[in-house]
There are 2 protein chains.
Amino acid sequence: MTVTIYDVAREAGVSMATVSRVVNNNPNVKPQTRKKVFEAIERLGYRPNAVARGLASKKTTTVGVVIPDISNPIFSEVARGIEDIANMYHYNIILCNADKKKEKEIRVINTLLEKQVDGLLFMGGAITDEHIQAFKTATVPVVLCATTDESGTIPSVDIDHQAAAFDAVNLLIQYGHRSIGMISGTLQDPSNGNARYLGYKQALDKAGIPFNENYVRIGNYKYESGIEVTKYFLELPNRPTAIFVANDEMAIGTVHAIQDAGLKVPDDISVISVDNIRMASMVRPQLTTVAQPMYDIGAVSMRLLTKLMNKESVDRSKVVLPHEVIIRESVAPHHS
Amino acid sequence: MTVTIYDVAREAGVSMATVSRVVNNNPNVKPQTRKKVFEAIERLGYRPNAVARGLASKKTTTVGVVIPDISNPIFSEVARGIEDIANMYHYNIILCNADKKKEKEIRVINTLLEKQVDGLLFMGGAITDEHIQAFKTATVPVVLCATTDESGTIPSVDIDHQAAAFDAVNLLIQYGHRSIGMISGTLQDPSNGNARYLGYKQALDKAGIPFNENYVRIGNYKYESGIEVTKYFLELPNRPTAIFVANDEMAIGTVHAIQDAGLKVPDDISVISVDNIRMASMVRPQLTTVAQPMYDIGAVSMRLLTKLMNKESVDRSKVVLPHEVIIRESVAPHHS
DNA sequence: CTGTTAGCGCATTCAC
DNA sequence: GTGAATGCGCTAACAG
C-alpha cells in the first residue's frame, strides 16, 4: 500500500541507506546513483515518512507555537514573523490555538512536547507557576514571545510595556492634558496588563498630576468593552479630556462611544492606545498609538529559539524590543 | 536521559505491554496494576512519545489544517469551528499558514502528509489542478472548507457565494437602487471571486437593469483597495447610488472613502458587502452585509472529516451552508 | 561512494 | 490479566 524507502531501494537497485542519503541531500552519492534513485522515487510516488524519520533521528525539525487567541491580530502578526524565520532555517511550525484558557495552554504545551517538537514558542498571556512547571519538564528549549515571566528564568522577547504606556500618557501630558482617564486590561497579568497601568501612573507621577481612582477602569481588551467603559467616563461630572486605552481594539470602541455621544475625537476628547494593529488606521479619526513591533517580536524570538536549539550561546536571553509612538489623528492639544 | 515506556515497566515491575495498555486506557488491566503503573509514571515523569506511537500504530490522531492567511479574520473564525469539533473527537490539529501563495499551499500540503496526519482540511483559496494533484497523492481523507473545487471530486463545505451576492444586490434593488457599482475580488477564483460577480450580474439581470462595465472594478479584498476603487466610482459622471463590495474589509474602505469625500453613508451612497466579520459592526455606520456562517463552516467540515477518517458513509460530500442577510446601517432606500 | 546492521519508542499480535 | 516478541519506516554508525 504505502511505499517505503525499502521499495525505492529495490526499484533503484541500491540499498536503503543510499536512498536515505539522497533524500537527505547527503553529498556522498554518485550523481548517477542519485539520478537512479530520484527516478525510482518519482516512479513509485514515494513520500518520506516524517514520523519514522523523527523516531530514528530524534529530531522533527518542527517547532511548536502556542498562540493564545488565533483571532487576535496581534498574535497573527507575531506568527508571521515566527514563520518567516522558521522557513528560513528550514523548520516547520505547528500552530496550536489555546483559546485564552490557561488550562488549554498547559494541555497544548504537553501535546506539543509529546509530539517531540524541537523547540517551543509560547506567545502572549500571563505566565503562571503552572506554566513554568510545564516548561521545566521540557527537554527542548522554550522561548516566550510577546510576554515575559517575572521570575526571568525563561528566555523571552517582548517590548517594555510599562515604558510604552508611559510614553503614550506622556504624549497626552505634553499636549496639555491633565485629566487623563485610563481603560486598562486586567491587572492580574504582570507582564502586560499591570505593566501598562504602572506606566500610566508613572507618567502622571512624573508630571505631578495626582492619581484619581475614578479615572481608571478595567476593560477586557474588546471593542464592546471600550464602548462600555467610555460611557462611564462620559457621564463623569468632570470627565477626562483624554483617555489612554490599553489596546487598539478597545480604543476603537472608545472613539465610537465618544462619537455616538455627539462629541468629537480629538477635539473634545483625545484618545491614545497601544499596539498599532492594522485596524488602528481603519477608523476615522485614525488612531494615535504606541506601536509594538509585532512581526519583529515573532522573528526575533524564532531566531533566538534556533540558536537555543543549536546549542549556540546567546548573550541576552531576555530581549526587549523598542516601541514607537505613532502620531495619527486621535490626539489634539488640550485647550483650557 | 529521556524516560521510555520500558523504564516505567521496570519501575512498576510489569511488562511494557502493560504500561502501554494503561497509557492507552485499555480496560484489560487490573486496577491494582494500573495504579502501580500510574505511580511509576508519576515518579519518573514519563511522557509518551507521540512520534513512536505514531509509527507503531500508524495513526497520529492529528489532522492538518492549511489556512491561506492567518491574519484574515474569516479564516481564524473558521479555524475556531474546526478546533472545537476536533477537540470533541480527540484530534489534535496542526495549523499551517500558507501566506496566500499557491506554491506554499502545495508545499504545506505535502509536509502535512509527510507528517502522517490522519486527515487534511484545506481552507479557502482557489483550487487548481496542482491542488487536486497533491490531494490525490494523499492516502488520507481531505476536505475543503470555505472553498469548493469545480470538478466536484473533493468533499467540501462552503456557502453558495453566488446566491449570497445575489441576495446582497437584490436588497439594494428592492431599496430602489438601479445604479449599483460592484467592487469585486479577483475573477480568477471560480468558487469565490467569480461567483460573487456572477451573483451581481444575475441580480441586475433579473431586475432588468442593464449591465454597465464601468460599474465593476476589481479590488484585492484589502481595506486600501476599497478606498482606492471607491474613489474611482466617486469621480464617475453618473456615480452609482449603491455599491456592492465583495467583502467586508474592502467595504470599510468604501465607507471611509465616501465619508472622506464629504458624503454620507447611507444617505448619499449605500454600501453592502459579504462576510460579516466582527469588524463589520466596528464601523460607523455599521455594515449591512451577508453573513457567512464561518464557525459552522469550520465545525461542519471537521465533522465531515472525522466521518471520512472513520470510514463512515456520508450522504452528501459537498455541503452548502446557508447565508443570511444582516441588515444594519449602511443601506438606505434610494430617493430619486 | 555504498551496503549492513542496529536500534529509535511504542502498539500489537499471540501465547500463557 | 499479563508478558514476549515483532516490526512500524527510517537514520546513523560502521565497515568496506
Side-chain angles (χ1 to χ4, degrees), chain A residues 1-38 40-41 44-62 90 110-111 113-118 139-140, chain B residues 1-38 40-41 44-62 90 110-111 113-118 139-140:
Chain A
M1 188 68 238
T2 96
V3 22
T4 78
I5 202 174
Y6 189 73
D7 299 321
V8 176
R10 209 174 1 149
E11 173 84 9
V14 299
S15 77
M16 53 186 285
T18 300
V19 177
S20 176
R21 287 193 187 95
V22 343
V23 168
N24 291 296
N25 270 315
N26 184 318
N28 295 338
V29 180
K30 210 197 303 178
Q32 209 179 108
T33 332
R34 182 182 302 277
K35 184 154 169 291
K36 270 197 312 192
V37 172
F38 272 133
I41 287 178
L44 267 42
Y46 168 70
R47 190 195 322 264
N49 181 327
V51 172
R53 174 183 296 178
L55 184 59
S57 69
K58 294 171 146 276
K59 276 177 300 173
T60 54
T61 60
T62 102
H90 298 102
N110 282 314
T111 69
L113 257 20
E114 286 182 7
K115 283 188 189 308
Q116 312 298 120
V117 293
D118 293 340
T139 57
V140 296
Chain B
M1 188 69 237
T2 95
V3 22
T4 77
I5 202 174
Y6 189 73
D7 300 320
V8 176
R10 210 172 1 146
E11 174 82 11
V14 299
S15 76
M16 52 185 287
T18 301
V19 177
S20 175
R21 288 193 186 95
V22 344
V23 167
N24 292 295
N25 270 315
N26 184 319
N28 295 338
V29 180
K30 211 195 304 176
Q32 209 179 107
T33 330
R34 183 184 303 277
K35 184 154 170 290
K36 270 197 312 189
V37 172
F38 273 132
I41 287 178
L44 266 41
Y46 168 70
R47 190 197 318 267
N49 180 327
V51 172
R53 173 182 296 179
L55 186 58
S57 69
K58 296 171 146 272
K59 275 178 299 172
T60 53
T61 61
T62 103
H90 299 102
N110 281 313
T111 69
L113 258 18
E114 285 182 8
K115 283 190 189 308
Q116 312 299 119
V117 293
D118 293 340
T139 57
V140 296

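Order of the sequence lines sets the chain letters (A, B, ...), proteins ahead of strands, with each chain counted from 1.
- Each end of the helix from C:dC1-D:dG16 to C:dC16-D:dG1 yields a helix axis from five base pairs, and these two axes differ in direction by 30° (to the nearest 10 degrees).
- Between chain B and DNA chain C, the heavy-atom contact criterion of under 4.0 Å yields a 5' to 3' nucleotide range of C:dG9 to C:dT12.
- The side-chain heavy atoms of B:T18 and B:T33, taken from C-beta on, include a pair separated by under 4.5 Å.
- If you check every strand for non-hydrogen atoms under 4.0 Å, A:V51 touches nothing.
- By the side chain to side chain contact (heavy atoms under 4.5 Å, CB included) test, A:A50 pairs with B:E114, B:K115, sequence neighbours left out.
- At the phosphate of D:dG9, OP1 or OP2 sits under 4.0 Å from a side-chain N or O atom of B:K58.
- In terms of the side chain to side chain donor-acceptor pair (under 3.5 Å) criterion, residue partners of A:N24 (sequence neighbours excluded) are, by chain and number, A:S20.
- Look at CD on B:Q116: it is 14 Å from P on D:dC8, rounded to the nearest Å.
- Taking atom NZ of residue B:K35 and atom C1' of nucleotide D:dG1, one finds them 18 Å apart after rounding to whole Å.
- Among the protein residues, A:N28 comes within range of the nucleic acid bases, having at least one heavy atom under 4.0 Å from a base atom.
- Between A:N26 and A:V22 there is no side-chain heavy-atom pair separated by less than 4.5 Å.
- In this model, the phosphate group of D:dT2 is not approached by any side-chain N or O of B:S15 to a distance below 4.0 Å at OP1 or OP2.
- The salt bridge (charged side-chain N to carboxylate O under 4.0 Å, His left out) pairs that include a residue from residues 48-60 of chain B number zero, where partners must be two or more places apart or lie in different chains.
- Partners of A:T111 according to the side chain to side chain contact (heavy atoms under 4.5 Å, CB included) rule, which considers only residues two or more places apart in sequence or in another chain, are B:N92.
- The heavy-atom pair separating A:D118 from A:T61 by the smallest distance is OD2-N, 2.7 Å.
- By the side chain to side chain contact (heavy atoms under 4.5 Å, CB included) test, A:T2 pairs with A:T4, sequence neighbours left out.
- Applying the salt bridge (charged side-chain N to carboxylate O under 4.0 Å, His left out) definition to pairs two or more places apart or across chains, those involving residues 9-27 of chain B are B:D7-B:R10, B:E11-B:R43.
- Screening residues 29-38 of chain A for salt bridge (charged side-chain N to carboxylate O under 4.0 Å, His left out) gives A:K35-A:E39 as the qualifying pairs, with residues at least two apart or on separate chains.
- Every residue meeting the side chain to side chain donor-acceptor pair (under 3.5 Å) condition with B:N110, not counting sequence neighbours, appears here in chain and number order: A:R47.
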Seminar exercise, completed: In B/S/- notation (B base, S sugar-phosphate only, - none; protein heavy atoms under 4.0 Å), nucleotides 11-16 of chain D written 5' to 3' is BBBB--
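- Atom CD1 of A:I41 is separated from atom P of D:dG9 by 16 Å (rounded to the nearest Å).
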